[in-house]
2 protein chains.
Amino acid sequence: MKLSTKGDYATRALLELSLLEGPRALSVHELSERTRISPKYLEQIMRRLRTANIVRSHRGINGGYELARPSRDITVGEVVRLMDGPLAPSACASESAHVPCPAYRCPTEAGCVLRGLWANVREAIADVLDRTTFGQLAEKQRDARHVEAYAI
Amino acid sequence: MKLSTKGDYATRALLELSLLEGPRALSVHELSERTRISPKYLEQIMRRLRTANIVRSHRGINGGYELARPSRDITVGEVVRLMDGPLAPSACASESAHVPCPAYRCPTEAGCVLRGLWANVREAIADVLDRTTFGQLAEKQRDARHVEAYAI
DNA sequence: GATAATACCTACTAAGTTAGTAGGAATTAT
DNA sequence: ATAATTCCTACTAACTTAGTAGGTATTATC
């Protein structure tokens, strides 16, 4: 049930953008330094986020990427699905990319209790990821740093 | 967040064994016919389930595999972890195979909000899979067939 | 005691996926 | 004009997956 580096890195980059004050853009170069992600690889990830309309870009010198929407309107679920595919453990239990059992690996679709189970798992994952926005994550991170600063 | 065929097939085979009346064994040959899983591949899976003490085997003619414990004492979570590894999307959020952030891919462990998120996902998945036993699944499947029989 | 069906074990492999890297074209503020 | 940027396609090494192959050990039955 592992996340790929693409999903991992995409969420990190978006969190970084969400932490910026106001609508500000960062270049891949800056983003890669802050997140320690290989710039060329991060570049691919950012472009994919752009075509999905999660970030938008400005080209040329002083170019970069910024969130296409307020961070509170971008869910982690949306991003993970984009980078890693459907959340369901099995294609037969997927909402976004359903494949009927006979076309998948099940010999018998009717009354497949396992499908019900995988659907429950999918539901549980989606419940967490679709309710979590980058706005929430950024807020939490800012709070944590605040506490840290006082603790020193 | 996909399950591998190993995890998929292992749960199918165990459900098949759980559906048997009383403590009865099935050979890999029989199991593979019922589940339509390649016998040689299924054999490997069954042996792995044996070393994990989920099934036990009898060798020689009339040999086969049977559940090592009552089906109500075998959880899906146990089986999925065995075949597919930890449930957590990220190693830093894993309970069974934790890897601290700095040793993983995070530059900064302290106050990592993403780790908290992945831990929530792990928790949600474990909640479903560790509470579901093969006894429950078998019961549901029997009920479903009952209904089906009446419906005809 | 021979036979046949079984579990056990190790090794191999083809195909697919992952996690990048390489190199250049188009764009744009200065 | 320059330099920093995004954009785009292609390539690749390493790893993982999903099996297959071939043989050994065991055991109920005849």
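Just so it is clear, the model here is predicted, and its values are computed rather than measured. Letters A, B, ... are given to chains in the order of the sequence lines, protein chains preceding strands, and every chain is numbered from 1.
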### Task
Report yes if the side chains of B/L137 and B/V76 come closer than 4.5 Å at any heavy-atom pair, otherwise no.
yes
### Message
Using the side-chain hydrogen bond (donor to acceptor under 3.5 Å, both in side chains) criterion, which residues pair with B/T5? Sequence neighbours excluded.
### Response
B/Y41
### Query
Nearest nucleotide by nearest heavy atom, which residue falls closer to the 5' end of DNA chain C, A/Y41 or A/N62?
A/Y41
Shorter than 3.5 Å, N or O on both sides, protein versus nucleotides 10-13 of chain C: list them out with atom names.
| residue | atom | partner | partner atom | Å |
| --- | --- | --- | --- | --- |
| C/dA11 | N6 | B/Q44 | NE2 | 3.4 |

### Message
Without decimals, in angstroms, what is the distance between A/M83 CE and C/dA19 C1'?
### Response
12 Å
### Task
Establish whether B/L117 and A/L82 are linked, either directly or via other cluster members, by ILVMFWY side-chain heavy-atom contacts under 4.5 Å.
yes
### Message
Can you list, in residue-number order, the parts of residues 52-59 of chain B that come under 4.0 Å of DNA chain C, counting heavy atoms only?
### Response
B/S57, B/H58, B/R59
### Query
To the nearest Å, how far apart are A/K40 NZ and D/dT12 P?
17 Å
### Query
Base, sugar-phosphate, or nothing: which does B/G60 touch, judged by heavy atoms less than 4.0 Å apart?
base
### Query
Which residues pass the side-chain hydrogen bond (donor to acceptor under 3.5 Å, both in side chains) test with A/H29, sequence neighbours left out?
none
### Query
Residues from residues 1-9 of chain B sitting under 4.0 Å of DNA chain D, heavy atoms only?
B/S4, B/T5, B/Y9
### Query
Can you check the B/I45 CD1 to D/dT20 C1' distance for me, whole Å?
14 Å
### Message
Main chain of A/R48, side chain of A/T51: is a donor-acceptor contact present, judged purely on distance under 3.5 Å?
### Response
yes
### Summary
In this structure, CE of A/M46 is separated from CG of A/L14 (nearest 0.5 Å) by 6.0 Å
### Message
I'd like to check the side chain to side chain contact (heavy atoms under 4.5 Å, CB included) partners of B/A10; sequence neighbours left out, ordered by chain and number.
### Response
B/I45, B/L49, B/V79, B/M83
Identify all side-chain donor-acceptor contacts of residues 53-60 of chain B below 3.5 Å with residues at least two apart in sequence or on another chain.
| residue | atom | partner | partner atom | Å |
| --- | --- | --- | --- | --- |
| B/R56 | NE | B/E66 | OE2 | 3.3 |
| B/H58 | NE2 | B/E66 | OE2 | 2.7 |

### Query
Is any side-chain N or O of B/R50 closer than 4.0 Å to OP1 or OP2 of C/dC9?
yes
### Task
Could you note down all residue pairs passing side chain to side chain donor-acceptor pair (under 3.5 Å) where residues 71-85 of chain B supplies at least one of them, sequence neighbours left out?
B/S4-B/D84, B/R69-B/E78, B/R81-B/D130
### Task
From the options D/dG22, D/dT5, D/dC8, select the nucleotide whose nearest atom is closest to the side chain of A/S27.
D/dT5
### Message
To the closest 0.5 Å, what do you measure between SG (B/C112) and CZ (A/R12)?
### Response
7.0 Å
#### Entry: Spacing of B/R12 atom CZ relative to D/dA18 atom C1', expressed in whole Å
14 Å
### Message
Can you tell me how far apart CG (B/D8) and CZ (A/R105) are? Round to the nearest 0.5 Å.
### Response
4.5 Å
## Note on the structure
From CZ of A/R105 across to C1' of D/dT17 the rounded distance in Å is 11 Å
### Message
Let's see if you can work this out: which of D/dT6, C/dA5, D/dG23 has an atom nearest to the side-chain heavy atoms of A/V28?
### Response
D/dT6
## Note on the structure
Residues at least two apart in sequence or cross-chain that pass salt bridge (charged side-chain N to carboxylate O under 4.0 Å, His left out) with B/R122, listed by chain then number, are none
### Those residues that, when tested against B/E139, pass side-chain hydrogen bond (donor to acceptor under 3.5 Å, both in side chains) (two or more places apart)
none
### Message
Let me check the geometry of the helix from C/dG1-D/dC30 to C/dT30-D/dA1. What is the bend angle between the axes at its two ends, five pairs each, to 10°?
### Response
10°
### Query
Looking at residues at least two apart in the chain, or sitting in another chain, which of them share a side-chain hydrogen bond (donor to acceptor under 3.5 Å, both in side chains) with B/D127?
B/R131
### Query
To the nearest Å, how far apart are B/L49 CG and C/dC8 C1'?
15 Å
### Message
In whole Å, I'd like the distance from the OH atom of B/Y65 to the C1' atom of D/dT27.
### Response
15 Å
### Message
Among C/dG24, C/dA19, C/dA5, which nucleotide has an atom closest to any side-chain atom of B/I61?
### Response
C/dA5
### Query
Could you give the CZ-to-C1' distance, from A/R36 to C/dG20, as a whole number of Å?
19 Å
### Task
Drop me the distance from B/L20's CG to B/E30's CD, to the nearest 0.5 angstrom.
9.0 Å
#### Entry: Candidates D/dG19, C/dC9, C/dA7 - which lies nearest the side chain of B/S38
D/dG19
